[in-house]
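Quick notes on the structure that follows.
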There are 2 protein chains.
Amino acid sequence: MAVPTSRDVAKLAGVSQSTVSYVLTGKRPISEETRRRVEDAMTQLTFHPNAGARALAGQRTRVVGLMAPFGASTHQQGILPFVETIASGLREHDHDLLLVTADEGAEGMARVVGRRIVDALVVMEVGARDERLAVAAGLGVPVIVIGVPEEPGDLPCIDLDFAHGAALAVDELVDVGCTAVALLGYSAVTTQRDLNYVSRFIGGAERRAAELGVTLHPVSPVEVDRASIDAALDAVLGVAGGEGLGLLVPNTEALPVVLRALRARGLEPGADVSLVGVCTDAEAAASEPALTNVSLEPRDVSRRAVEALFRLLDPELGAPVPDGAVELVPPRVTRRDTTRPARRPAA
Amino acid sequence: MAVPTSRDVAKLAGVSQSTVSYVLTGKRPISEETRRRVEDAMTQLTFHPNAGARALAGQRTRVVGLMAPFGASTHQQGILPFVETIASGLREHDHDLLLVTADEGAEGMARVVGRRIVDALVVMEVGARDERLAVAAGLGVPVIVIGVPEEPGDLPCIDLDFAHGAALAVDELVDVGCTAVALLGYSAVTTQRDLNYVSRFIGGAERRAAELGVTLHPVSPVEVDRASIDAALDAVLGVAGGEGLGLLVPNTEALPVVLRALRARGLEPGADVSLVGVCTDAEAAASEPALTNVSLEPRDVSRRAVEALFRLLDPELGAPVPDGAVELVPPRVTRRDTTRPARRPAA
DNA sequence: GACCATCATCGATACGCATCGACCACCAGG
DNA sequence: CCTGGTGGTCGATGCGTATCGATGATGGTC
């Protein structure tokens with residue numbers, strides 16, 4: 001026999017096809033005895049339920065589309081952990097992940113939803129105003145957005161709390177005695193893409209600096225090559241001097257270059273200059289010197305995104321996410337070697 | 001009306017449902033007039049053919065599974081371009097990409113194929129002996145392997161020609177006057193994973209060095225941190241001296257560290273020491289100094305993998321890939337600043 | 001002992017499309 | 001005028017599952 005169907009299983013188990021189906025879905029009570037016979041038959045035939053038939057009859061595919069920022073000129077670095085975590089999160093709910101690349105744009109989403117290839121969408125790297133959002137919202141399937149658009153329009157959004165992270169970083173710098181903070185901004189390409197986490201981070205830093213009464217020198221944008229970073233440091237050190245200066249580096253990729261540039265001019269991070277970077281804890285610990293960092297763990301965001309998605313998909317799992325809710329994942333600052341308490345603050 | 005079906009389209013166009021289907025698939029001739037009416041109706045209703053129904057009736061899903069080395073501790077860096085290129089290659093053939101993460105292992109493949117979620121598989125990062133291969137080969141669907149296993153067993157394999165790349169790199173070093181070549185190996189973790197491109201590369205270098213009568217000093221394994229690389233350089237320079245030494249660095253991630261380490265000890269790459277690295281052309285050109293490199297462009301491999309896949313999927317597209325064929329994509333060596341012709345070779 | 005729940009199972013049907021055989025109209029050749 | 005095509009369309013059927021209503025069996029109640 002070619003590939004076994006649920007009817008074959010039924011015959012072998014001596015039950016009807018519908019009983020096999022109920023064993024599979026658990027939507028009606030099945031006696032222990034019958035269940036065992038059916039399951040044995042399935043094992044014996046190596047039966048796999050046909051996904052197409054299931055989708056057709058059951059109106060759900062158990063596949064989720066991921067709109068990933070591939071193809072475009074993305075800082076590709078960071079997205080892999082997102083994808084990976086989302087994929088395994090979906091698997092825990094017996095769902096699969098279909099990749100939709102960004103070059104397909106909004107019509108890619110319309111296609112996979114229209115054809116009922118997917119039951120739901122996760123849209124990554126959403127910028128401040130993103131044409132995909134309006135389309136996604138009108139598709140009639142659950143959508144989770146990773147990023148914080150200006151106008152969420154009914155779509156639940158999840159992202160890291162960059163503003164809060166920036167504030168915590170400023171706190172840390174002030175804690176170790178800094179009286180001025182310089183912010184080495186994101187590269188122009190990132191800013192152009194209008195991903196507003198940039199402005200959220202900068203805004204958070206500014207607000208906190210103002211509250212604490214320390215000066216904030218934003219330097220932006222900064223490319224990742226050595227020359228740009230040297231130029232940025234020149235500017236910063238010219239204005240603020242070395243004394244009491246804290247550096248805030250939200251651009252993960254720039255971190256190693258900044259460290260090198262500082263040392264090249266005789267400033268030891270942690271001793272002569274304090275520095276807080278934005279990166280994962282793993283990267284921070286592996287760095288030399290170990291970085292004090294604002295941890296932005298993509299896995300946290302992905303996990304929550306998956307949870308939110310299934311609350312939408314199976315409302316029994318708990319209160320569905322309210323429309324348009326923005327969930328910000330709190331960051332964490334970990335002190336390592338690049339910030340050290342210097343002068344004892346007035347106790 | 002909820003979502004339109006082909007029957008709705010048929011009614012609106014005044015034809016039968018089967019005619020709509022033939023317009024869609026092109027498997028029977030349709031008059032110009034009828035085709036236009038049907039297409040208009042589809043547009044008007046924003047009709048999308050239901051993928052589940054298509055799969056059920058047509059025995060094909062137009063989805064390809066990608067077994068990606070996610071989840072494991074991979075040198076995650078390199079795989080994104082593969083995934084991206086494969087995804088868009090599939091889209092050009094109106095197919096989609098379903099991600100299967102490596103943690104699911106062989107049973108993940110069995111699942112997506114057994115349930116007929118996918119029509120075919122691409123298996124990435126296949127090592128010398130990979131348990132997934134035997135399973136994949138028995139699944140009864142087209143499979144393309146990226147990597148070169150010891151025992152391809154009927155499966156078409158595609159990979160970069162690391163051996164040839166190594167030989168070309170040795171050639172280049174000898175061309176610019178090197179009389180000894182040191183090979184800074186891969187890190188232990190890469191070697192442990194038994195990805196045999198490591199040994200293919202080393203083997204290729206050894207063979208060519210022997211042919212040319214130059215000494216080859218393999219130093220392995222080399223981690224990517226500065227200390228390990230310094231130790232490796234100590235060993236190499238101790239044995240071979242600076243004079244006439246060429247460095248061969250197959251580990252992309254180690255390249256910047258090696259460059260820095262060399263300069264730290266007063267050796268200018270390209271002048272005092274020659275160096276050929278393995279990386280993409282883009283990375284090589286962006287490096288400072290610009291690297292002479294063996295280009296291993298993942299996109300080439302992905303493209304060929306997709307082509308081979310569709311030759312298997314639609315035999316009309318050309319001769320199907322012969323079973324067990326191993327296709328090696330030739331690399332290219334580009335001379336940049338880290339190799340410069342030194343003493344004029346005897347003309 | 002007749003009656004009604006409850007539980008477990010069965011039969012039939014629908015899901016939306018691809019495909020096969022049949023059919024019709026039309027035209028060329030004899 | 002009849003025959004043999006051929007290009008174009010239609011009806012009917014099947015793909016494998018989920019689901020609904022119905023049925024039989026079982027046990028408890030008055």
Side-chain angles (χ1 to χ4, degrees), chain A residues 1-39 41-42 45-63 94 113-119 314, chain B residues 1-39 41-42 45-63 94 111-119 314:
Chain A
M1 168 166 28
V3 334
T5 72
S6 62
R7 184 172 265 99
D8 299 321
V9 173
K11 204 174 304 168
L12 182 59
V15 299
S16 75
Q17 181 268 325
S18 57
T19 300
V20 174
S21 184
Y22 286 121
V23 167
L24 231 37
T25 64
K27 296 200 177 173
R28 281 203 184 168
I30 297 286
S31 72
E32 196 45 54
E33 154 72 3
T34 304
R35 153 171 287 110
R36 207 186 37 66
R37 285 220 316 283
V38 171
E39 283 171 350
M42 295 198 296
L45 298 176
T46 65
F47 166 77
H48 292 273
N50 180 299
R54 278 193 123 164
L56 185 56
Q59 318 266 52
R60 55 198 327 236
T61 63
R62 308 187 78 82
V63 175
D94 196 27
V113 171
R115 300 190 163 194
R116 306 278 131 171
I117 299 176
V118 305
D119 286 337
D314 308 314
Chain B
M1 169 166 27
V3 336
T5 73
S6 63
R7 183 173 265 97
D8 299 322
V9 174
K11 206 173 305 168
L12 182 57
V15 298
S16 75
Q17 181 267 323
S18 57
T19 300
V20 173
S21 184
Y22 286 120
V23 167
L24 231 37
T25 64
K27 297 200 177 172
R28 283 206 183 164
I30 297 287
S31 72
E32 198 44 55
E33 155 71 3
T34 304
R35 152 170 287 109
R36 207 187 36 67
R37 285 222 314 284
V38 170
E39 282 171 350
M42 295 198 297
L45 297 175
T46 65
F47 167 77
H48 292 272
N50 180 299
R54 279 192 121 165
L56 186 55
Q59 318 267 53
R60 54 196 333 233
T61 62
R62 308 189 77 82
V63 175
D94 195 27
R111 182 178 59 82
V112 294
V113 172
R115 298 190 164 194
R116 306 279 131 170
I117 299 175
V118 305
D119 286 336
D314 309 315

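Below, read A as the first sequence line, B as the second, and so on, with proteins coming before strands; counting in each chain starts at 1.
In the set D:dG8, D:dG16, C:dC17, the nucleotide with an atom closest to the side chain of A:Ala57 is D:dG16. For B:Ser21, counting side-chain heavy atoms from C-beta on, the closest listed nucleotide (C:dT19, D:dC10, D:dG16) is C:dT19. Of the listed nucleotides (D:dC10, C:dG16, D:dT17), C:dG16 has the atom at the smallest distance from the side chain of B:Leu56. Candidate nucleotides D:dG8, C:dC17, D:dA18 were compared by shortest atom distance to the side chain of A:Gln17, and D:dA18 ranks first. Side-chain proximity of A:Leu24 to D:dA18, D:dG8, C:dA18: nearest is D:dA18. Taking only side-chain atoms of B:Ile30, from C-beta outward, the nucleotide of D:dC10, D:dT9, D:dA18 with the closest atom is D:dT9. You'll find that the side chain of A:Phe47 is closest to D:dT17, out of C:dT19, D:dT17, D:dT9.
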*Where protein sits on nucleotides 20-25 of chain D, one letter per nucleotide: B base, S sugar-phosphate only, - none, heavy atoms under 4.0 Å*: BBB---
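Among residues two or more places apart in sequence or in another chain, the side-chain hydrogen bond (donor to acceptor under 3.5 Å, both in side chains) test is passed with B:Arg116 by none. The side-chain hydrogen bond (donor to acceptor under 3.5 Å, both in side chains) test applied to B:Ser21 returns no partner, not counting sequence neighbours. Under the side-chain hydrogen bond (donor to acceptor under 3.5 Å, both in side chains) criterion, A:Ser16 pairs with A:Ser18, A:Thr19, sequence neighbours left out.
The list of salt bridge (charged side-chain N to carboxylate O under 4.0 Å, His left out) pairs with a residue in residues 48-61 of chain A, not counting sequence neighbours, reads A:Arg60-A:Asp314. Contacts classified as salt bridge (charged side-chain N to carboxylate O under 4.0 Å, His left out) and involving residues 11-32 of chain B (residues at least two apart or in different chains) are not found.
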*Go through the steps for B:Val9 and B:Val38 under the test side chain to side chain contact (heavy atoms under 4.5 Å, CB included), then give the verdict.*
CA-CA 7 Å; B:Val9 174; B:Val38 170; 4.2 Å; yes
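Dashed line: the shortest gap from a side-chain N or O of B:Lys27 to OP1 or OP2 of C:dT19 is under 4.0 Å. A sub-4.0 Å separation between OP1 or OP2 of D:dC10 and a side-chain N or O of B:Thr19 is present. Look at B:Arg54 and you won't find any side-chain N or O under 4.0 angstrom from OP1 or OP2 of C:dC17. A close approach under 4.0 Å does occur between a side-chain nitrogen or oxygen of A:Ser16 and OP1 or OP2 of C:dC10. Between B:Ser6 and C:dG16 there is no side-chain polar atom (N or O) within less than 4.0 angstrom of OP1 or OP2.
With the nearest nucleotide of DNA chain D identified for both B:Pro29 and B:Gln59, B:Pro29 has the one nearer the 5' end.
Using a 4.0 Å heavy-atom distance criterion, A:Val15 is classed as a sugar-phosphate-only contact.
At least one donor-acceptor pair closer than 3.5 Å links the side chain of A:Arg37 to the backbone N or O of A:Ala13.
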